[in-house]
Structures are given as C-alpha cells and as structure tokens.
Amino acid sequence: MKTNENTPEIIPEGDIPPEFTPNDNETQMLENQKLSIENINQSGAIKTKKGNVTVQTIVIAGQIEGHYALSAQTKSTKYEHILPQLVQIEESEDTDGLLVLLNTVGGDVEAGLAIAEMISGMTKPTVSLILGGSHSIGVPLAVAAKRSFIAPSATMTIHPVRMNGLVIGVEQAFTHFTKMQNRIVDFIIRNSSVEENVFRKLMLETDELVADVGSIIDGEKAVNIGLIDEVGGLSQALGALKDMTKKKA
C-alpha cells in the first residue's frame with residue numbers, strides 16, 4: 001500500500017525506537033524520584049545533596065503520637081517512625097547531617113522525650129528549625145539538636161506536664177508528675193543555654209495563658225534567654241548545618 005508524505009509512520013508493537021527507551025541512568029533517576037515522593041508521603045523525610053554535602057530532613061508536625069493511637073482527623077507524628085530514621089541517618093555513610101523541621105503542638109511526653117534523646121545522642125551534625133511553633137514537649141525536641149533556629153514568626157509554649165485520663169489524687173501521683181517534669185527540665189538545661197530558674201519561672205507564670213499556667217514566647221525572646229541559638233529561616237539553618245559538616249570533615 002502506498003503512503004503519501006503526510007501519512008504518519010506506524011511502528012509495529014515491540015519495535016520502539018531507541019530514543020524512547022530510557023537508559024539505566026534515567027531509570028535509576030525515576031526510581032529515586034519515586035522513592036523520595038513515597039518517603040515524603042509516608043514519613044515526611046527527604047534526602048538532598050548539593051555539592052559534597054548530603055542532608056537528611058525529617059519533619060515533626062502536628063501532635064506526637066506515643067503509646068496510644070490518635071484519631072484519623074488528628075495530624076500526628078508517630079515516634080516509632082522517627083526513631084528508626086534517626087538510627088539510619090547516624091549509621092549511613094551517605095548522609096552528612098540532619099535537619100529537623102518542627103511545627104508541633106506537643107503530645108506524648110515520653111515519646112517526645114525519646115525522640116529528643118535520640119537526636120541529642122547523635123554524633124553527626126544536627127540542626128533544628130522551628131516553623132510555626134514548637135510547644136510543650138516540642139521544646140526538648142527543639143533544643144536537642146547541636147544548633148537550633150526559630151523563625152521570626154514562630155512561638156514556643158512552656159508549661160508544666162499535663163496528664164489526660166483518670167488521675168488518682170494521692171501523693172504518689174504528684175511525686176510521679178514532679179519526677180517527669182524534672183526529667184524534661186534537666187534535658188532542656190543540658191541541651192541549651194537557658195538558666196533553670198528562668199525556665200521554671202516561665203513554666204509557672206499565671207497571667208499569660210487563659211486556662212493554664214505557663215508562657216508563650218516568640219523567637220526573639222527564646223534566643224535572648226538562651227533557649228534557642230538563633231532567629232533564622234531555612235537558608236540560615238542549612239548554612240549552619242553545612243558549615244558543621246565541613247568542620248567535621
């Protein structure tokens with residue numbers, strides 16, 4: 001059958017021209033992009049590389065979920081997802097540093113403190129950046145990194161330990177509260193420059209929160225009292241992390 005010049009060429013099935021067949025590098029690139037999207041969707045984690053520095057970023061957002069599952073309508077970060085990621089980052093030869101992005105209302109005290117202890121115990125360079133807020137048990141998470149930043153518009157809420165559910169009003173229960181509160185305060189004092197008396201005073205303020213004791217502080221005040229290292233955004237946090245990786249190398 002004759003065809004004219006305007007008739008498109010029909011390619012038999014299975015006979016795909018070479019220019020339409022992805023090579024090994026393109027296939028690997030597509031696979032890496034797919035894995036990155038899956039990691040972001042499932043755990044809020046992404047790994048980026050610029051120059052010779054590879055940074056792993058994890059997000060702690062919403063409410064920190066611990067021993068009890070939260071409702072499907074509650075934005076949450078599951079601590080059992082975060083802990084294995086931190087182990088992988090610490091052991092990975094392909095990762096130079098960790099950036100922790102925080103926008104959390106707090107949550108399970110022991111789960112949050114467990115994540116904070118893991119970050120604090122890492123040997124690799126770590127930087128935290130508060131975006132929006134890092135409240136309640138989010139305070140230890142913010143100071144756990146080797147260097148901490150807070151966005152100018154972000155805030156931090158400092159208040160005593162709260163307990164949901166049935167609480168028996170006996171001396172042992174209040175002793176338990178005191179010990180748990182001391183664990184949190186001791187961690188914050190060890191991992192920041194804030195003085196204990198200053199922090200406890202903010203924690204017990206009675207004229208700031210409507211239905212609770214405690215304080216809400218902005219980024220500038222958090223830096224002034226030594227709780228956070230610096231006011232800054234993403235570029236400052238990444239710059240500090242990359243400087244730390246270069247010094248370690």
So, [X] side chain and [Y] main chain: donor-acceptor pair closer than 3.5 Å or not?
| X | Y | answer |
| --- | --- | --- |
| S136 | G106 | no |
| D108 | I64 | no |
| S128 | A142 | yes |
| T104 | G62 | yes |
| Q56 | G97 | no |
| E230 | F149 | no |
| S148 | D229 | yes |
| H135 | V105 | no |
| K124 | T95 | yes |

Kindly compute the distance separating [atom1] ([X]) from [atom2] ([Y]), expressed to the nearest 0.5 Å.
| X | Y | atom1 | atom2 | value |
| --- | --- | --- | --- | --- |
| I217 | L227 | CD1 | CG | 5.0 Å |
| M118 | T126 | CE | OG1 | 12.5 Å |
| S215 | I225 | OG | CD1 | 9.0 Å |
| L238 | K50 | CG | NZ | 9.0 Å |
| Y79 | L113 | OH | CG | 12.5 Å |
| E90 | I119 | CD | CD1 | 11.5 Å |

Are [X] and [Y] joined in one hydrophobic group, where the rule is that I, L, V, M, F, W and Y side chains link up if heavy atoms are under 4.5 Å apart?
| X | Y | answer |
| --- | --- | --- |
| L204 | F199 | yes |
| L209 | I158 | no |
| I216 | L141 | no |
| L83 | L102 | yes |
| V161 | V143 | yes |

Open item on the list: Can you confirm whether T54 sits close enough to T48 that some side-chain heavy atom of one is under 4.5 Å from a side-chain heavy atom of the other?
Closed with: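 No; the side chains remain at least 4.5 Å from each other.
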
Task: Side chains of M180 and N182 in contact at under 4.5 Å (non-hydrogen atoms) - done: no

Open item on the list: The criterion is side-chain hydrogen bond (donor to acceptor under 3.5 Å, both in side chains); which residues satisfy it with N224, sequence neighbours excluded?
Closed with: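 For N224 there are no side-chain hydrogen bond (donor to acceptor under 3.5 Å, both in side chains) partners, ignoring immediate neighbours.
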
Open item on the list: Applying the side chain to side chain contact (heavy atoms under 4.5 Å, CB included) criterion to M203, which one of V185, I188, I184, V198 satisfies it?
Closed with: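 Output: one option passes, namely V185.
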
Open item on the list: Consider side chain to side chain contact (heavy atoms under 4.5 Å, CB included). Of N103, L101, L131, I82, which one does V59 pass it with?
Closed with: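 Passing option: L101.
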
If only side-chain N and O atoms count, and only distance matters, is there a donor-acceptor pair under 3.5 Å linking [Y] with [X]?
| X | Y | value |
| --- | --- | --- |
| K47 | T57 | no |
| T155 | D218 | no |
| T74 | S71 | yes |

If you compare all heavy atoms of [X] against all heavy atoms of [Y], which two are closest, and at what distance to 0.1 Å?
| X | Y | value |
| --- | --- | --- |
| K146 | P125 | CD-CA, 4.4 Å |
| F187 | A144 | CZ-CB, 3.9 Å |
| Q181 | P160 | OE1-CA, 3.1 Å |

TODO: Return yes when atom CG of N52 has more than 12 non-hydrogen atoms of other residues, nucleotides or ligands closer than 6.0 Å, and no otherwise.
DONE: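 Open: at most 12 neighbouring heavy atoms sit under 6.0 Å from CG of N52.
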
TODO: Step through the shown structure and confirm whether more than 12 heavy atoms of other residues, nucleotides or ligands are within 6.0 Å of CD on E117.
DONE: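 Count over threshold, so yes.
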
TODO: Test M122 against L86 for side-chain contact (heavy atoms from CB on, under 4.5 Å), laying out the working first.
DONE: CA-CA 8 Å; M122 296 177 71; L86 297 176; 4.1 Å; yes

Task: Listed partners of K78 passing salt bridge (charged side-chain N to carboxylate O under 4.0 Å, His left out), at least two apart - done: E65

